[in-house]
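Beneath this line is the structure, given in structure tokens, with notes to follow.
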Amino acid sequence: MDDQTRMMTGLTGLGGLSQADVGDPDSVRKQQSLGQPQQDIGDILQQIMAITDESLDEAQARKHALNCHRMKPALFSVLCEIKEKTVLSIRGVQEEDPPDPQIMRLDNMLLAEGVSGPEKGGGSAAAGGAPAAAAGGSPTDSSIEHSDYRAKLAQIRQIYHSELEKYEQACSEFTNHVMNLLREQSRTRPISPKEIERMVAIIHRKFSSIQMQLKQSTCEAVMILRSRFLDARRKRRNFNKQATEVLNEYFYSHLSNPYPSEEAKEELAKKCGITVSQVSNWFGNKRIRYKKNIGKFQEEANLYAVKTAVDAANVSAQASQANSPATPNSGGYPAPCYTPDGRL
DNA sequence: CACTATGATTTAGA
DNA sequence: TCTAAATCATAGTG
């Protein structure tokens, strides 16, 4: 504000108004240093009193006179220019910082997690529902944990957006306020539009740094959520006995071609209370492990062979035996050797 | 605690 | 996109 006073005094001086009229302190000092020292303190005091005695109307009138002065616009633009140069030389050229890589990373992550992007309304088709399933291949994982995860994510998303909105509103309010203030002041002191622009940029930068904190904490929340829910998926739990039984039954009764179709998988999944991808996993694991060590699975194979045979028998009690589920072994996987004691 | 069983994930190939 | 194969990581068991 020291600048302001200096400029104002300069302005008034150039504007042709007497400095004494305005009560410029410089002029007082001058008077003291030149000539008669404490010539007339009373005089000075009177001058000062005159200022304070000035009515508001008088002051307004003076201000108005200043504003209407024919030299004012030209003068202001010159002053603006000088100020611009000074400010630039003081502040250097550290403006126009590039987009912060930190904030870009946060933005990308929030986008990837579906927090900041467009509303993923559908959800059913897993448009972006399963973040971790990107490479996994289990698009329609609708387990309980998953819906829980999505609910929590939606909650975070909602909080994030409402906070963001609040910040943005506050920012624009504050910006407006400052802009109005500066515009108002630009009538009495040299403020170029460029300067206002710069001030707005500064405000925006401040607010965006606050926003970054919001983004950061949101990211943290999402990370915690992920580790709690998605990584918990990896914490496997064995299928229940009945489910394993159903799967094994299918496997051993289709030993020649243990590749259930999509429909069969769906049915098995429903029967076992697991997802289709879990069924796929199970068959993948089972096939490779069976193939690797047929001997080890001998007993199990016999058990299920007997089981299906019994079932078949039960069925054929009513129908003909023509279509027994015990598929003949036609090449895919070696069939177990049915020795009575379970050895090969 | 070591060891095995087992569900999930990753990688590579068709 | 499906599968084989390897691998990871935890659950269960003695």
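Only heavy atoms go into these numbers, but all of them, side chains included; no hydrogens, no water, no symmetry mates. Within every chain, numbering begins at 1; the chains are lettered A, B, ... in the order of the sequence lines, protein sequences first and strands thereafter.
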- [ ] State which residues pass ring-ring contact (aromatic ring centres under 6.0 Å, His included) with A:F207; sequence neighbours excluded, sorted by chain then number.
- [x]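 Partners of A:F207 by the ring-ring contact (aromatic ring centres under 6.0 Å, His included) criterion come out as none, since no residue qualifies.
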Is the shortest side-chain N/O distance from [X] to OP1 or OP2 of [N] below 4.0 Å?
X: A:K286; N: B:dT6; answer: no
X: A:K265; N: C:dT3; answer: yes
X: A:K291; N: C:dA5; answer: yes
X: A:Q278; N: B:dA8; answer: yes
X: A:N238; N: B:dT6; answer: no

Self-check item: Distance in angstrom units between A:Y290 OH and C:dA5 C1', rounded
Solution: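 In whole Å, C:dA5 C1' and A:Y290 OH are 18 Å from each other.
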note: A:K292, atom NZ; C:dA5, atom P; distance rounded to Å ~ 8 Å
From C:dA4, C:dC2, B:dA8, nucleotide with atom closest to A:Y259 side chain: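 When the side chain of A:Y259 is considered, C:dA4 is the closest of C:dA4, C:dC2, B:dA8.
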Examine the base of B:dG7 for any acceptor or donor lying under 3.5 Å from a partner atom in the side chain of A:R289, and report the outcome as yes or no.
yes
For A:N240, the side chain to side chain donor-acceptor pair (under 3.5 Å) test, sequence neighbours excluded, returns none
Report each atom pair, protein N/O against N/O of nucleotides 12-14 of chain B, whose distance is under 3.5 angstrom.
none

